[in-house]
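Comments concern the structure below.
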Amino acid sequence: VKAFYIELRRSPLRWWLPAFLLLAMLMLFGRSTAWIGVWPQASAAAQLPFSYIGPALAAGAAWSAGRCLRIGSVDHLQATARRRWQVEAVHLAATITYGIAVLLVTAAVAAAFSIPDAGPGFLWAGYLVLAGSMLVTCAAIGHLVGRWSRPGIGPALLTGLGTFALFNLTERGPFGFMVLSGPPQLRLSAAALAARIALAACLVVLAVAVPPWRDRITSRAPATSRATSAIAAVMAVIVSIALIAAAGPLRVPRTPPSEPLCSTTTPRVCVWPENRKYLPELAAMAERLNQLPGDLITVPDTFYERGLRTSDSQVDFIITEGSWSAVPSITGAIVDATLPPACLVTGENAERKYQAIFEIVEWLNRRMYGGDPPAGVRGGPPGVDLAMIREVLQSPDADQATWVRQRLDTIKAVPCE
Amino acid sequence: VSDRLTQWWRYARAHHVFGTVIGLLVIAAVEVAWADVELDLPAARQGGSISVPLLVVIPIAFAAVVAASMHSHMQRLEQTATHTLTTMTVIHTGSVLLVATVLAYLAGAVAGSVSFGSQASRDVLLWSGIAFAWGRVIGPRLSWTALLAALFPMTYFGSDNLERARWWAVPLHPPTESQYWVISVGVLVLGAAIALLTPWHLHRLRQKALPARDRKSRTLSATLR
């Protein structure tokens with residue numbers, strides 16, 4: 001234990017810790033803060049900084065692991081009374097501790113900011129375990145490469161940039177370690193998580209227990225047992241990589257709750273319980289829909305968030321960032337209910353028809369939202385004059401109804417082919 | 001002539017010549033193979049993520065090797081060296097930088113297109129400047145830490161809501177826009193100047209900054225002592 005404290009104090013990562021914490025805070029609050037108040041989103045947000053911190057930890061571990069050869073204190077290491085793996089284990093544990101400390105602080109901050117807005121529940125452990133396994137994997141890879149290679153900047157660069165590239169590939173495929181957001185419709189697959197933990201564990205064993213082939217710090221174990229342990233550890237890593245591939249995608253759809261959280265308004269709006277913070281705003285939007293000219297626009301009686309109904313309907317809305325993100329799909333559902341079924345139209349007719357549809361869509365979006373979209377959302381459907389829409393929205397309801405009727409007439413006048 | 005060669009050989013050996021050459025070749029090979037692989041990174045903008053090709057990351061590795069080649073096995077000894085060594089350092093580091101830039105260009109050209117190559121070589125210049133400057137502060141062996149750290153603001157804050165790269169996020173810009181070449185070369189010149197600022201230079205600068213009277217009295221007291 002004493003050795004562990006010494007390692008903690010001596011680790012070069014102690015200089016990096018403030019930088020890691022700053023980075024984590026920048027990543028929590030520098031992006032959209034829509035995660036605040038939604039437990040799975042908050043958990044995913046707390047996990048996200050590790051797509052940068054993990055690789056940095058790998059580079060730090062590699063730098064730290066090469067210290068004896070770099071400084072030339074090999075003799076000291078040879079003279080220790082402890083076994084080599086114990087020395088390495090304490091060293092790696094100190095490195096990992098720095099990573100875990102950042103994770104805990106990030107998770108605590110994410111939780112503290114979410115508690116006031118979010119309902120019952122807490123951070124989802126799965127995302128935090130994912131981040132933990134990611135950073136242990138990175139630290140172990142760094143330590144391993146740092147130990148096995150000649151000292152210099154090579155190992156740190158290789159592992160830092162290598163893990164950065166590896167863990168952030170667009171085609172994350174089955175080997176993903178990171179998620180960008182945590183919608184309540186999805187949960188982490190237990191099998192996929194277990195496979196990642198297994199990989200992290202195997203890499204730790206490999207990094208700690210297996211000395212390099214041509215070890216300049218002589219190992220006391222006989223050559224055969226060293227070879228056996230090396231082969232066993234490498235096999236274990238290969239098996240766990242195969243397990244990750246076999247475990248399938250990192251996230252799987254969640255079974256919807258039997259009783260979704262619904263507003264008391266007419267029309268009703270139903271959301272996943274985790275997204276309860278959006279319900280008041282969505283209910284207010286639903287209330288505004290009642291003021292639409294009812295003879296022209298058909299409003300469905302319930303709007304569902306996607307994934308709540310077993311027959312997954314494409315008109316169900318999704319919430320990505322703020323309640324505005326739900327608006328286009330709600331409008332889509334209304335337009336679907338209002339207009340006759342879509343049919344094939346081409347040429348000038350199609351242009352006229354879609355122009356009218358897009359204008360109604362944009363008018364509905366803003367009418368329902370109760371004003372302009374939030375800052376950062378720009379543009380609208382193609383070919384729509386936004387200034388004109390704004391003008392229409394400010395005119396009396398009767399004029400707006402006339403405006404809508406004109407457009408609906410245009411749409412109905414276009415024949416199907 | 002052979003004396004000069006021996007001198008250079010000694011210098012190169014002390015400055016990790018094999019590691020440098022192998023490192024540059026390996027990085028070039030990686031660039032040829034995977035320059036166009038896309039990375040999906042979180043970003044502080046609408047949508048919350050940004051997609052960048054590996055090409056943007058690879059010049060960091062080149063620059064790290066270039067800056068690290070300033071490190072020597074005989075750092076302590078070199079601190080007492082004369083101006084000859086500074087000349088050698090400039091020539092050596094300059095050639096390593098040149099080789100890295102050319103390799104980055106060629107590898108990019110092989111991997112994708114000429115524009116790939118020139119983007120990579122521009123970024124090598126930029127990152128090398130940063131690495132030189134930081135290496136002067138923390139030592140050439142740890143100069144890579146600044147590059148790794150700079151990766152975060154560049155990708156995370158580097159583009160706005162309309163997916164336009166910000167002016168300071170130079171590596172995210174296409175190589176056709178000349179102002180980013182100017183910035184890169186400027187950073188390189190500045191970084192190199194900082195790296196070559198020896199304690200003697202600093203001393204001379206300080207002396208010049210002092211008023212003439214002070215300088216006189218100080219030299220006098222130094223003579224007396």
Test ring-ring contact (aromatic ring centres under 6.0 Å, His included) applied to A:Phe164 and A:Tyr52, step by step: CA-CA 7 Å; A:Phe164 180 73; A:Tyr52 286 98; 5.7 Å; yes

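Residue B:Ile58 does not touch chain A at all, counting heavy-atom pairs closer than 4.5 Å. With a 4.5 Å cut-off on non-hydrogen atoms, A:Leu158 does not touch chain B at all. Neither the backbone nor the side chain of A:Ser32 comes within contact range of chain B, judged by heavy atoms closer than 4.5 Å. Only the side chain of A:Leu157 comes within contact range of chain B, with at least one heavy atom under 4.5 Å from a heavy atom of that chain. Neither the backbone nor the side chain of B:Val26 comes within less than 4.5 Å of any heavy atom in chain A.
Looking only at atom types and distance, the side chain of B:Tyr11 has no donor-acceptor partner in the side chain of B:Ser72 under 3.5 Å away. Side chains of A:His143 and A:His91: a donor-acceptor N/O pair is absent below 3.5 angstrom, by distance only.
Listed for the B:Arg10 side chain is no donor-acceptor partner under 3.5 Å among the backbone atoms of B:Gln7.
When ring centroids are compared, A:Phe113 and A:Phe29 come within the 6.0 Å threshold. Checked against the 6.0 Å centroid threshold, B:His73 and B:His15 do not count as a close aromatic pair. Between A:Trp324 and A:Tyr369, the distance separating the two ring centers is shorter than 6.0 angstrom.
Close approach to chain A, defined as a heavy atom under 4.5 Å from one of its heavy atoms, is seen in B:Leu142, B:Trp144, B:Thr145, B:Leu148 of residues 142-150 of chain B, taken by number.
Options B:Ala43, B:Pro153, B:Gly19 differ in how many heavy-atom pairs under 4.5 Å they form with chain A, and the most are formed by B:Ala43.
Counting heavy atoms from C-beta on, the side chains of A:Pro328 and A:Phe317 never come closer than 4.5 Å.
Taking the ring centre of A:Tyr98 as origin, the terminal cationic atom of A:Arg14 falls outside the region bounded by 6.0 Å and 45° from the ring axis.
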